[in-house]
2 protein chains.
Amino acid sequence: MPESEQDGLDSFDLAILDILQRDNTTAHRIIGERIGLSAAAVHRRVRRMHENGVITGNFAVVDPGRVGQPITIVVEVEIESERLDLLDAARRSFAADRSVQQCYYVTGEADFVLIVTVASMADYEALTRRLFFENHNVRRFRTLVVMDRIKAGLAVQLPERPPRRIR
Amino acid sequence: MPESEQDGLDSFDLAILDILQRDNTTAHRIIGERIGLSAAAVHRRVRRMHENGVITGNFAVVDPGRVGQPITIVVEVEIESERLDLLDAARRSFAADRSVQQCYYVTGEADFVLIVTVASMADYEALTRRLFFENHNVRRFRTLVVMDRIKAGLAVQLPERPPRRIR
DNA sequence: GTTGAAAATTAACATTC
DNA sequence: GAATGTTAATTTTCAAC
């Protein structure tokens, strides 16, 4: 395969991302006015970034407390064996669980970090049973109950200058 | 003030949220077809949920690796004093930092959990300097480098049945 | 980048529960 | 009275030039 598929984001692309990360309902015409481009040019760039995988999705974010999930918990999980098949099994069971909003595989004193939302502590206990106690590969886990979601977005910091100019 | 402002989400609202959490570019007409409502009715409900704060935002999600931020790190921070003013100062400095994507105030063995994205480990060291070493209220911090973002969305689990039927 | 057609959003109105 | 569906006007999206 050719080595063409690269980032190649210029400062216009980054300016567009900066806006869409805050509000992706902003009309292309408005974006164009702000960054000095026509609406059509903005449209083409947005579509290309979506196809290229730079933009991975467009989501509405819901306040968990308003839909019956008032409790957020950070869980650190330590596993027994790092055997690939066992690791993968854990990975999959965590990712598949509907209460698990985020799941990271990490190095350091823990192996996984999960961010879960639940309706009640009883529900959390049920989660620990099905995800941790019933999985013999889980050595231990630490529960950190979230008292305040100080910052909970997914907006990525964008470079002032394009990260790398291709060609 | 009246005690009227309540959730009052019905199953239509939840069905709409379920769709918008996956893709908020879905046209109201399409949503209407799927759940059995007109486009106008969908539009009104979406607008109301936005105003009510049920929908907290509409975002495009960007792949951090594609915009020069290939490293994700989970950081647990322990602080010295829980004095309110000092706590608030820490809170604010974490939230204000552009590299900090998420910040939670938690109970348990840590006080804050941060999720940060950076361009390099040198940048992470710079971050630890400005956020932790220069803040004398930080007792210690643990670094968990993310090797795999297994699940990184913010979609909240929605109840099958409405959480509470008002009136 | 501009133009023009198709589609979506949005407001206004009549109607039903 | 609150919420729905229909209609119509406005705006946006999107393809062609």
Side-chain angles (χ1 to χ4, degrees), chain A residues 5 8-63 66-68 155 162 165-167, chain B residues 1-63 66 155 158-167:
Chain A
E5 208 80 297
L9 300 176
D10 63 17
S11 51
F12 282 121
D13 291 321
L14 293 173
I16 292 170
L17 290 178
D18 191 41
I19 293 171
L20 292 183
Q21 275 198 139
R22 296 183 219 277
D23 181 3
N24 74 346
T25 65
T26 313
H28 295 162
R29 185 179 54 81
I30 305 292
I31 298 175
E33 279 174 21
R34 279 195 220 157
I35 68 177
L37 233 60
S38 72
V42 172
H43 176 247
R44 278 189 292 262
R45 282 165 179 272
V46 170
R47 204 159 69 103
R48 193 159 51 83
M49 289 193 284
H50 199 84
E51 289 168 356
N52 286 349
V54 175
I55 295 172
T56 59
N58 290 290
F59 309 110
V61 173
V62 177
D63 181 346
R66 300 295 292 274
V67 292
R165 190 71 178 118
I166 307 294
R167 86 194 222 88
Chain B
M1 64 200 82
E3 48 75 51
S4 60
E5 207 81 295
Q6 286 285 357
D7 283 69
L9 300 176
D10 62 16
S11 51
F12 282 122
D13 290 322
L14 293 173
I16 292 170
L17 290 178
D18 191 42
I19 294 171
L20 292 183
Q21 276 199 137
R22 295 183 219 277
D23 182 3
N24 75 346
T25 65
T26 313
H28 295 162
R29 184 179 54 81
I30 304 291
I31 298 175
E33 280 174 20
R34 281 196 218 157
I35 69 179
L37 233 61
S38 72
V42 172
H43 172 62
R44 279 187 294 258
R45 282 164 177 271
V46 171
R47 204 159 67 102
R48 194 158 51 87
M49 289 193 285
H50 199 83
E51 289 168 356
N52 286 347
V54 175
I55 296 173
T56 59
N58 292 89
F59 309 110
V61 173
V62 175
D63 181 346
R66 300 295 293 275
L158 299 173
E160 305 300 328
R161 285 290 182 79
R164 182 79 79 85
R165 190 69 177 118
I166 307 295
R167 82 193 227 90

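- The side chain to side chain contact (heavy atoms under 4.5 Å, CB included) check on Ile30(B) picks up Thr26(B), Ala27(B), Arg34(B), with sequence neighbours excluded.
- Under the 4.5 Å side-chain criterion, counting only non-hydrogen atoms from C-beta, Arg66(A) is not in contact with Thr56(B).
- Side-chain contact between Leu9(A) and Met49(A): present, with at least one pair of heavy atoms (C-beta onward) separated by less than 4.5 Å.
- Side-chain contact between Asp13(A) and Val54(A) is absent, with no heavy atoms from C-beta onward closer than 4.5 Å.
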Look for any protein N or O under 3.5 Å of an N or O in nucleotides 15-17 of chain D and output each such pair with its distance, or none.
none

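- We find that CG of Leu37(B) is positioned 11 Å from P of dT6(D), with the value rounded to whole Å.
- Sequence neighbours left out, the pairs with a member in residues 15-39 of chain A that pass ring pair (Phe, Tyr, Trp, His ring centres under 6.0 Å) are His28(A)-His43(A).
- Here the side chains of Val46(A) and Ile31(A) are not in contact, with every heavy-atom distance at 4.5 Å or above.
- Arg29(A) meets the side chain to side chain contact (heavy atoms under 4.5 Å, CB included) test with Glu33(A), Ala39(A); sequence neighbours excluded.
- Rounded to the nearest 0.5 Å, atoms CG (Leu17(A)) and CZ (Phe12(A)) are 13.5 Å apart.
- Between Arg45(B) atom CZ and dT10(C) atom P there is a gap of 17 Å when expressed in whole angstrom units.
- Consecutive Watson-Crick or G-U pairs involving DNA chain D, each under 3.5 Å on both distances, make up stems of three or more pairs at C:1-8 with D:10-17, C:10-17 with D:1-8.
- Inter-residue side-chain proximity for Arg45(A) and Asp10(A) is flagged as met; some heavy-atom pair is nearer than 4.5 Å.
- Using a 4.0 Å cut-off on heavy atoms, the residues of residues 18-33 of chain A that approach DNA chain D are Ala27(A), His28(A), Arg29(A), listed by number.
- Between Leu20(B) atom CG and His50(B) atom NE2 the span is 11.5 Å, to the nearest 0.5 Å.
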